Amino acid sequence: MEPLHSGNSQNVVLGVSGGIACYKAVELVRLLIRESFRVRVIMTKESMKFVTPLTFQTISGQPVATELFSLTQESQIGHINIADFAELLLIAPATANVIGKIAAGIADDLLTTVVMATQAPVLLAPSMNVHMYQNPILQENIRKLKGLGYHFMEPAEGYLACGYEGKGRLPDPAEVLEEIKSLLKKKDLLGHRLLITAGPNREPLDPVRYLSNRSSGKMGYALARMGARRGAEVILVSGPTALDPPSGVRRISVTTAAEMRDAVLKEFPRCTAVLMAAAVADFRPVNSISKKIKKGKKSLQLTLRPNPDILKELGENKNGKILIGFAAETETLVANARRKLREKNLDLIVANDVTEPGSGFDGDTNVATLLDSKGGVDPLPLMRKEELADRIYDHLLKLKANSK
Ligand code: CTP
């Protein structure tokens, strides 16, 4: 299947200043293009000593702007055109020199002139030697620019090209991409404190074995990522998954359903909405044996006891919070989901038939129907889990507005 794009088509101008991390900016452009952003690149004179404009031109599919006053470039990609084109201006890598110039109001080349002329948000990703980064002049410049509304990414720590270890590396292109997406997103969930659960539980049978399910956690993590991008404070209670926590999200890792219940009940009083995307284990073994069960010739009987229904418990104590549940079904989708919506006292339930193509476990896509407590039914087409997360938040905001 062709990878689905999130359909961004937003305009990013990337300013590249002269540091060894320029090569990572090439990868960043590739990621942006893959996600359907339109990218125009501006290179400073020094950056062209590290990477040629042809590299960026080939990857971005657009001419690269390098000159402030060039007869040929000015008509097509002049500094005002490019400043107006930008919905976000990113400088990566941003050297101490370019940060210093911007802080001092100097506009003596194309990049610094575009910074002066643009009305778009500006994000800088500094990258340099650790001592240069610690230099109080640079730190003062960063403080000043932050105070003026410029956005900065913290450099990553590690081995630096100059031979030192420390803070100064350009963050991974994937992290820069995440920051760009976050800055471009409207912050309509600001003020919300979302409690999200994700992934499976593991119920131990003995010290080496457990009962679990096929949940990957991807839906819950997509909700956490998109919630944070839209300005919410996010607490993610996660069962065991292979996923990294999205940036800006507080993750609480749990294993069993009982641990998940404890974590959720502790965080519940301070949240505004709960999204239970976890595939909570419905049963646990009656006896978890402290020694490994040895194999024998006879068949082994396991006795399981039901786990508490976390969401139902929250529904009994709602206190004005919005409760969103998930229903993964293999038959009579809408009727089953509607029953769960009612029985658990939910505001919204996201129902999906896990047998449908594109809707199974561990995929990046989902086909879901949203059912709300007012009787609304919204069958959605196949989409990426991040897009579905956005649709769920749109619905959450609508419910909130109608309840006022
Ligand atoms: N859920 C929960 N605690 C449980 C079981 C489920 O909080 N012990 C939550 C899930 O996170 C989900 C919703 O309840 O948001 C519905 O889960 P689902 O497994 O579809 O339904 P169940 O109530 O477990 O019913 P069944 O498994 O019989 O379909």
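Please read all numbers here as calculations on a predicted model, not as lab measurements. Whatever order the structure lists ligands and atoms in, that order sets their numbers, starting from 1.
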**Q** Atom NE2 in His79, atom CG in Asn81: separation rounded to 0.5 Å?
**A**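 Output value for this atom pair is 9.0 Å.
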**Q** Looking at Ala328, which atoms of ligand 1 are within less than 4.0 Å of one of its heavy atoms?
**A**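 Heavy-atom distances to Ala328 below 4.0 Å select 20 (O).
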**Q** Are any of the side-chain heavy atoms of Thr95 and Met132 separated by less than 4.5 Å?
**A**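 They are not in side-chain contact.
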**Q** Answer yes or no: is there an ion pair linking Glu233 with Arg250, defined by an N-O contact shorter than 4.0 Å?
**A**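 Salt bridge flag = no for Arg250 with Glu233.
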**Q** Hey, are the side chains of Val64 and Met48 touching, using non-hydrogen atoms and a 4.5 Å cut-off?
**A**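 They are not in side-chain contact.
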**Q** For Glu203 and Leu211, indicate whether the former's side chain and the latter's backbone hold a donor-acceptor pair under 3.5 Å.
**A**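 Answer holds: no.
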**Q** With only distance considered, is Ala327 within less than 3.5 Å of ligand 1 through an N or O on each side?
**A**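 No, Ala327 has no N/O under 3.5 Å of an N/O on ligand 1.
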**Q** Of Lys340, Lys344, Arg261, which is the lone residue that meets side chain to side chain donor-acceptor pair (under 3.5 Å) with Asp309?
**A**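 Among Lys340, Lys344, Arg261, the one meeting side chain to side chain donor-acceptor pair (under 3.5 Å) with Asp309 is Lys344.
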**Q** Please indicate whether any nitrogen or oxygen in Glu329 is less than 3.5 Å from any nitrogen or oxygen in ligand 1.
**A**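 Between Glu329 and ligand 1, no N or O pair is found under 3.5 Å apart.
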**Q** To the nearest 0.1 Å, how far is atom 19 (O) of ligand 1 from its closest protein heavy atom, and which atom is that?
**A**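 Here the nearest protein heavy atom works out to Asp282 OD2, 4.4 Å.
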**Q** Check Lys218 with Asp364, please: is the shortest side-chain N to carboxylate O separation under 4.0 Å?
**A**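 Looking at Lys218 together with Asp364, the answer is yes, because their closest N to O distance falls below 4.0 Å.
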**Q** Judged by non-hydrogen atoms, does Lys344 sit under 4.0 Å from ligand 1?
**A**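 Within the 4.0 Å threshold, so yes.
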**Q** Roughly how far apart are Leu184 CG and Leu88 CG, rounded to 0.5 Å?
**A**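 It comes to 5.0 Å.
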**Q** Which residue supplies the protein heavy atom nearest to atom 2 (C) of ligand 1, what is that atom called, and how far is it?
**A**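 So the nearest neighbour among protein heavy atoms is Asp309 OD1, 3.4 Å.
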**Q** Is any N or O atom of Ile310, backbone or side chain, closer than 3.5 Å to an N or O atom of ligand 1?
**A**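 N/O-N/O distance below 3.5 Å exists for this pair.
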**Q** Have a look at ligand 1 and work out which part of Ala277, if any, has a heavy atom under 4.0 Å from it: side chain, backbone, both or neither.
**A**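 It is neither; nothing of Ala277 touches ligand 1.
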**Q** Return a yes/no value for Lys340: is any of its N or O atoms, backbone included, closer than 3.5 angstrom to an N or O of ligand 1?
**A**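 Such a contact does occur with ligand 1.
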**Q** For Pro308 and ligand 1, answer yes if some heavy atom of the residue is under 4.0 Å from a ligand atom, otherwise no.
**A**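 Pro308 counts as a contact of ligand 1 under the 4.0 Å cut-off.
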**Q** Any N or O on Phe326 sitting closer than 3.5 Å to an N or O of ligand 1?
**A**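 Checking ligand 1 against Phe326, an N or O pair does fall under 3.5 Å apart.
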**Q** Got a sec: does the CD1 of Ile137 have more than 12 other heavy atoms crowding it under 6.0 Å?
**A**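 It does not: Ile137 CD1 has 12 such atoms or fewer within range.
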**Q** Please tell me if atom 7 (O) of ligand 1 is touched by the protein, where touching means a protein heavy-atom distance below 4.0 Å.
**A**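 Flag for atom 7 (O) of ligand 1 set to true, protein heavy atom closer than 4.0 Å.
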**Q** Below 3.5 angstrom, do we get any N/O pair linking Leu311 and ligand 1?
**A**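 Looking only at distances, the answer is yes, because the N/O contact criterion of under 3.5 Å is met.
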**Q** Please list the nearest protein heavy atom to atom 11 (O) of ligand 1 with its residue and the distance rounded to 0.1 Å.
**A**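 Atom 11 (O) of ligand 1 sits closest to the protein heavy atom Ala278 O, 2.8 Å.
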**Q** For ligand 1, is there an atom lying under 4.0 Å from some heavy atom of Ala257?
**A**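 Contact check Ala257 vs ligand 1: negative.
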**Q** Just to verify, which of Ile99, Leu123, Ile91 counts as forming a side-chain contact (heavy atoms from CB on, under 4.5 Å) with Phe152?
**A**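 Result for side-chain contact (heavy atoms from CB on, under 4.5 Å) with Phe152: Ile99.
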**Q** Check ligand 1 against Gly325 and write out every atom of the ligand that is under 4.0 Å from a heavy-atom position of the residue.
**A**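 What qualifies from ligand 1 is 15 (O).
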**Q** Do me a favour and list the nearest non-hydrogen protein atom to atom 15 (O) of ligand 1 with residue, atom name and distance?
**A**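 That would be Met276 O, 2.7 Å.
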**Q** Does any non-hydrogen side-chain atom of Leu28 lie less than 4.5 Å from one of Leu90?
**A**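 With C-beta onward as the side chain, the pair touches.
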